[in-house]
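Input: a single structure, listed below in structure tokens.
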Amino acid sequence: MADYAPPFTHSSTITAQVAEIAELVGGLRALGERVNSPQLQRGNRIRSIHASLAIEANCLTVEQVSAVIEGKPVLGHPREILEVTNALAAYEAMPRGIPSVWKTC
């Protein structure tokens, strides 16, 4: 194998480009891990439900919404607690991933 000559000339430019590609790939992998983090997804879900329901005049706090989702007792209007439960069910019924309609944008 000592006689093998690659079909390119090794240079500092190639080394720099390979290093840049490796850095970009590493960044994409880290981003993918962060996006798929269950803790991050759970926190985003709670804040999303809270914000959506707040628009509809639901007065529960983020902490109360989190407690409802965890099945803990919450002091609040039963209608508002039911709204959290229903919103969670709606989110869980949605398919995971990026909808194919968005991929064309």
Side-chain angles (χ1 to χ4, degrees):
M1 287 293 260
D3 295 332
Y4 175 76
F8 59 86
T9 304
H10 185 79
S11 68
S12 59
T13 303
I14 289 177
T15 302
Q17 289 174 339
V18 168
E20 183 181 356
I21 291 168
E23 185 177 330
L24 292 171
V25 169
L28 289 173
R29 284 188 180 146
L31 177 63
E33 291 169 4
R34 198 172 67 214
V35 169
N36 293 327
S37 164
Q39 294 85 7
L40 183 62
Q41 289 177 356
R42 182 179 179 284
N44 286 342
R45 170 89 26 107
I46 290 168
R47 286 188 297 279
S48 178
I49 288 172
H50 174 261
S52 297
L53 296 179
I55 292 170
E56 301 295 328
N58 187 308
C59 296
L60 296 179
T61 65
V62 173
E63 292 78 16
Q64 288 173 310
V65 169
S66 179
V68 170
I69 290 172
E70 293 171 3
K72 296 178 181 175
V74 173
L75 290 177
H77 195 282
R79 178 188 51 81
E80 293 181 335
I81 294 170
L82 181 61
E83 287 175 351
V84 173
T85 305
N86 290 342
L88 178 63
Y91 272 95
E92 289 176 347
M94 283 195 250
R96 298 263 182 216
I98 299 172
S100 58
V101 175
W102 294 356
K103 290 180 183 176
T104 60
C105 296

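Computation of the quantities below employed the complete heavy-atom set of this structure, encompassing side-chain atoms and omitting hydrogens, waters and symmetry-equivalent molecules.
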Residues E80, V84; criterion side chain to side chain contact (heavy atoms under 4.5 Å, CB included); working and verdict: CA-CA 7 Å; E80 293 181 335; V84 173; over 6 Å; no
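Remark: side-chain polar atoms of Q64 are not paired, donor with acceptor, to backbone N or O of V74 under 3.5 angstrom. For S52 (side chain) and S48 (main-chain N/O), a donor-acceptor pair under 3.5 Å exists by modelled atom type.
Taken from CD1 in I49 to CD in E83, the straight-line distance is 11.5 Å, to the nearest 0.5 Å. How far CG of L75 is from CD1 of I81: 8.0 Å, rounded to the nearest 0.5 Å. Once rounded to the nearest 0.5 Å, the distance linking CZ of R79 with CG of N58 reads 6.5 Å. Put simply, CD1 on I69 and CD1 on I46 are 5.0 Å apart, with the number rounded to the nearest 0.5 Å. Between atom NE2 of residue H50 and atom CD of residue E63 there is a gap of 8.0 Å, rounded to the nearest 0.5 Å. The line from CG of L82 to CG of N86 is 4.5 Å long, rounded to the nearest 0.5 Å.
Side chains of L53 and L60 form no contact here, defined as non-hydrogen atoms less than 4.5 Å apart. Contact check for H10 versus T15: side-chain heavy atoms found under the 4.5 Å cut-off.
No more than 12 heavy atoms of other residues, nucleotides or ligands shown are found within 6.0 angstrom of CD on E23. By the 6.0 Å contact criterion, CG on L24 is enclosed, its count of non-hydrogen atoms from other residues, nucleotides or ligands being greater than 12.
Under the 4.5 Å side-chain heavy-atom criterion for grouping Ile, Leu, Val, Met, Phe, Trp and Tyr, I55 is not connected to Y91 through any hydrophobic cluster.
Across every non-hydrogen atom of I14 and T9, the tightest pair is CD1-O, 3.1 Å.
With N44 as reference, R47 is the one residue of R42, R47, Q41 to meet the side-chain hydrogen bond (donor to acceptor under 3.5 Å, both in side chains) rule.
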